[in-house]
2 protein chains.
Amino acid sequence: MIGETEIFLDKTDLHILRLMQGNARISNADLARELGMAPSGILERVKKLEQKNVIMQYTARVNPIALQQKLLAFIFMKASDGPGSSNATLELAKIPEVQEVHHVAGDDCYLVKVRTYDSASLMHIMRTQFSKIPNILSTRTTIVLETVKEQQQLVIPEK
Amino acid sequence: MIGETEIFLDKTDLHILRLMQGNARISNADLARELGMAPSGILERVKKLEQKNVIMQYTARVNPIALQQKLLAFIFMKASDGPGSSNATLELAKIPEVQEVHHVAGDDCYLVKVRTYDSASLMHIMRTQFSKIPNILSTRTTIVLETVKEQQQLVIPEK
DNA sequence: GGTGAAAGTGTTAATAT
DNA sequence: ATATTAACACTTTCACC
């Protein structure tokens, strides 16, 4: 895991995070105005948050429907390799259509979230990509019919 | 669903989306340089992509570990209300710690992704929030032990 | 849709407290 | 850790194509 050697975030940091989580394209000048500080001070704060990997990325959330990516699926997998970051998870993580790979408690070992155009393209990935990965004993696929909410925004406390 | 009345994206739009998905804070000027166009032309494109809801949001991805949010869980729920956007899903979507709510095929009706500090805070939400929602017959919770990959980035084609 | 020009505004590094 | 300054770069509107 990436160095999490004690990170202290004060009220100002949390405020910056809340504003940038809501709008990553906010200007430094606007951040400064909202916080009542000089722009240069904010710039320093933001750079440190990036360096410390508190801010991991700035990203535009693109509408999957606009790109005809209509299929979302969660796939539970049982695997024969032991716990920890196995080969299988790392191979799965390399597939661009795979958005999430988790190692989970319980009978199923991995939970994988995949987004594709349609069920045919999911089948194609399963046949050509998943089948290459050794140690996968079985898979159980859950198809999403409708997504009501989907965001990664965290609850950021005031203090 | 938000108006998806035929959206045509050309090569230039897709290129903009790819660059902004990778770095939402890229300047208009840099976008223009990468695409070999004038900044004013890029600005028009970007504004239209925002208007058409192709770009849904610009967000800073904040590291949950930096905020001590160590617990991630997927909860499958059976409910007695029929399919479609029910009351239950809308109530679930309002809870800030709930990052995703999907209506899924199969025996389980809903799949909910929740991020909290720890198992105690998850239990607290389940007791105080979930229990208020009528029609939930049962829940089955899967705890994430380790996340290997987690991103919402789409595969954006060249053309 | 796209460019070019111009005024306003923002960015960022250096210096100082 | 934050503020001031100042040079430079970017943003954005508008007239034109």
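Chain identifiers are assigned alphabetically (A, B, ...) following the order of the sequence lines, protein sequences preceding nucleic acid strands; residue numbering begins at 1 within each chain. When reading the values below, keep in mind they use all heavy atoms of this one structure, side chains included, and skip hydrogens, waters and symmetry mates.
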Using a heavy-atom cut-off of 4.0 Å to chain B, what are the terminal contacting nucleotides of DNA chain D, in 5' to 3' order?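 So the outermost contacting nucleotides come out as dC10(D) to dT13(D).
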A side-chain contact here means heavy atoms from C-beta on lying under 4.5 Å apart; do L111(A) and V144(B) qualify?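 No, every pair of side-chain atoms sits at 4.5 Å or beyond.
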Non-hydrogen side-chain atoms of T116(A) and Q69(A) separated by less than 4.5 Å: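 Result no, sub-4.5 Å side-chain heavy-atom pair not found.
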Without swapping roles, check the side chain of [X] against the backbone of [Y] for a donor-acceptor pair under 3.5 Å.
| X | Y | value |
| --- | --- | --- |
| Q99(B) | Q152(A) | yes |
| K149(B) | I95(A) | yes |
| K78(B) | D107(B) | no |

What dot-bracket string describes DNA chain C from 5' to 3', counting Watson-Crick and G-U wobble pairs whose defining distances are under 3.5 Å, with [ ] for crossing pairs and | for pairs to another strand? |.|||||||||||||||
Measure from CD1 on I42(B) to C1' on dG4(C) and round the result to the nearest Å.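 Nearest whole value for this atom pair: 15 Å.
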Between C1' of dG1(C) and CG of L35(B), the distance in whole Å: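 Those two atoms, CG and C1', are 14 Å apart.
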Atom pairs, protein N/O to nucleotides 10-15 of chain C N/O, distance under 3.5 Å:
{"unit_1": "dG10(C)", "atom_1": "OP1", "unit_2": "R33(A)", "atom_2": "NH2", "d": "3.0"}
{"unit_1": "dT11(C)", "atom_1": "OP1", "unit_2": "N28(A)", "atom_2": "N", "d": "3.4"}
{"unit_1": "dT11(C)", "atom_1": "OP2", "unit_2": "N28(A)", "atom_2": "N", "d": "3.2"}
{"unit_1": "dT11(C)", "atom_1": "OP2", "unit_2": "A29(A)", "atom_2": "N", "d": "2.9"}
{"unit_1": "dA13(C)", "atom_1": "OP2", "unit_2": "K47(A)", "atom_2": "NZ", "d": "2.9"}

Ignoring hydrogens and angles, state whether a donor on the side chain of [X] or [Y] is under 3.5 Å from an acceptor on the partner side chain.
| X | Y | answer |
| --- | --- | --- |
| E50(B) | Y58(B) | yes |
| Y117(B) | E97(B) | no |
| T59(B) | Q153(A) | yes |

Give the minimum heavy-atom separation between P134(A) and A88(A), together with the two atoms involved.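 Looking at all heavy atoms of both residues, the shortest contact is O-CB, 4.5 Å.
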Which heavy atom of K11(A) sits nearest a heavy atom of E158(A), and at what distance?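 Residues K11(A) and E158(A), closest heavy atoms: CG-O, 3.6 Å.
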